[in-house]
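Encoded as structure tokens, the structure appears first; notes follow it.
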Number of protein chains: 2
Amino acid sequence: MPVYLRGLLFLAENGRESVSSRNLAELLGVNAWQIRKDFSYFGDFGTRGVGYEIKTLTSQIKKILRLDIGRKIAVVGIGNLGSAVLAYRGFGIYGFAIAAAFDNDAKKIGKKTGNVEIEDVANLGTLKRRKIDLAIITVPQDAAQATADRLVEAGIRAILNFSPCYITVPKKVKVITIDIAMDLARLPYYMPTS
Amino acid sequence: MPVYLRGLLFLAENGRESVSSRNLAELLGVNAWQIRKDFSYFGDFGTRGVGYEIKTLTSQIKKILRLDIGRKIAVVGIGNLGSAVLAYRGFGIYGFAIAAAFDNDAKKIGKKTGNVEIEDVANLGTLKRRKIDLAIITVPQDAAQATADRLVEAGIRAILNFSPCYITVPKKVKVITIDIAMDLARLPYYMPTS
DNA sequence: CTATGTGAATTTATTCACAGCA
DNA sequence: TGCTGTGAATAAATTCACATAG
């Protein structure tokens, strides 16, 4: 569903108002009947003979994915990767807003990047009060587990982890780890000759 | 399989020499029988009563994933994200080495980061001669397609794309796109209450 | 006539249970 | 006894075909 949502948001940006399962399938490189099955599992969103109205379908999928309310994000670790995340402009369409940035480097604390000021990681405890329950971890590998522990303590309920390591959290907390090297390691398999 | 490989590499780093399917399953959060099925699909790697010898299993999986030969990588777009990729130390264990970096900013060209010098994107054509057939794209969104086109022209056969957009390439070229915002958008679904 | 939604058929993946080997 | 490897059973996902609605 997130892939479909991205495709629909892309079409909406380009001014499209409706789309058929075949159109969307071609755009995303999947099958039309797959899309229809997936959509119909959650309800009847389309109009026969016409297709799907992008605006209503988008808001339906956002509701299903719980993206219908604005969510605040904290970024922990403002190195190169953290800075790249702060500079990234693609969160808004999913209802996300970066609301806090943390680092443990005194030289960085207090600096403003975009419209958030970098805070001391010692202030992580304020997240609960500030209703921030989503975090992105972009700290060095050896600090990842400690950071995750502090985030859990601070009431964070989901983490996007960019450190290439296993972090263990209570199972009430959802973690998605993005390991650049491992993703890269998938590619050679699809490169046949040599 | 890439996930299994990462787990095995992790165990090897920590000095482990053999592992049972149950051990590995617990580490990775999957089922033991799933691991055995997956391994046995490619051949008989284990020893009954003992488990799997990590060293031999690792090299077997590397061969399967075509990671048994060293591969050179090019990074295109040395902004925050590109710098983070260049600084990243986790590629080596998969047999990757960053061998080239490119940007179109004259102020950056010629600078050395780590042990690669940033080159002008106009030099992308040299990749074929230098036997570099893997690339990571970390350029702004609106430059992604043009960059991909030039990489394909330069003989690149697989691309890891960090720009949140659709890029189209000949189907002989494999592309994996990592869209941070979309990955983040998967999380709220797993955060039950509010 | 177009495009959805859905049962049925088919294929694929997961899970189990246990034989077989160290 | 411990753990792998695998056939058989079960579940799930994919694909097809078409009735149905606009």
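Numbers restart at 1 for each chain; the letters A, B, ... are given by sequence-line order, proteins then strands.
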Between [N] atom [atom2] and [X] atom [atom1], what is the distance in whole Å?
X	N	atom1	atom2	value
A:Phe42	C:dG5	CZ	P	14 Å
A:Ile35	C:dT4	CD1	C1'	12 Å
A:Phe39	D:dA13	CZ	P	17 Å
A:Tyr41	C:dT6	OH	P	13 Å

Next on the checklist: Side-chain heavy atoms nearer than 4.5 Å, only ILVMFWY residues, links allowed to pass through others: does that put A:Tyr190 and B:Leu151 together?
Outcome noted: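 No, separate clusters.
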Item to check | Joint cluster assignment, A:Leu9 & A:Phe42, ILVMFWY side-chain distance < 4.5 Å | outcome: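 Same cluster.
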Checklist entry - OH of A:Tyr4 to CE of A:Met1: how many Å apart, nearest 0.5 Å? => result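 If we round to the nearest 0.5 Å, A:Tyr4:OH and A:Met1:CE are 7.5 Å apart.
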Item to check | Exercise: identify the closest heavy-atom pair between B:Ile73 and B:Ile132 | outcome: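 So the two residues come closest at C-CG2, 3.9 Å.
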Which atom pairs, one a donor and one an acceptor, fall under 3.5 Å between side chains of residues 160-168 of chain B and the rest of the protein, sequence neighbours left out?
from     : atom 1 : to       : atom 2 : distance (Å)
B:Asn161 : OD1    : B:Ser163 : N      : 3.0
B:Asn161 : ND2    : B:Ser163 : O      : 3.2
B:Asn161 : ND2    : B:Thr177 : OG1    : 3.3
B:Ser163 : OG     : B:Val139 : O      : 3.0
B:Tyr166 : OH     : A:Gly7   : N      : 3.3

Item to check | Side-chain donor or acceptor of B:Asp103 paired with backbone N/O of B:Asp105 under 3.5 Å | outcome: yes
Item to check | B:Arg22 side chain to B:Ala32 backbone, donor-acceptor under 3.5 Å | outcome: no
For a quick test of your reading: what N or O donor-acceptor pairs under 3.5 Å do the side chains of residues 77-100 of chain B make, sequence neighbours left out?
from    : atom 1 : to       : atom 2 : distance (Å)
B:Ser83 : OG     : B:Gly79  : O      : 2.7
B:Tyr88 : OH     : A:Asp179 : OD1    : 3.4

Checklist outcome for this item: The correct set of residues in residues 43-54 of chain A placing a heavy atom under 4.0 Å from DNA chain D is A:Thr47, A:Arg48
Item to check | Those residues of residues 9-25 of chain B lying under 4.0 Å from DNA chain D by at least one heavy atom | outcome: B:Ser20, B:Ser21
All N/O pairs under 3.5 Å across the protein-nucleotides 15-18 of chain D interface:
from   : atom 1 : to      : atom 2 : distance (Å)
D:dT15 : OP2    : A:Asn31 : ND2    : 2.7

Item to check | Salt-bridge contact A:Asp68-A:Lys63 (side-chain N to carboxylate O under 4.0 Å) | outcome: no
Show every donor-acceptor pair shorter than 3.5 Å between a side-chain atom in residues 116-125 of chain B and any protein atom, with sequence neighbours excluded, or say none if there are none.
from     : atom 1 : to       : atom 2 : distance (Å)
B:Glu119 : OE1    : B:Arg130 : NH1    : 3.0
B:Glu119 : OE2    : B:Arg130 : NH1    : 3.4
B:Glu119 : OE2    : B:Arg130 : NH2    : 2.8
B:Asp120 : OD1    : B:Ala122 : N      : 2.9

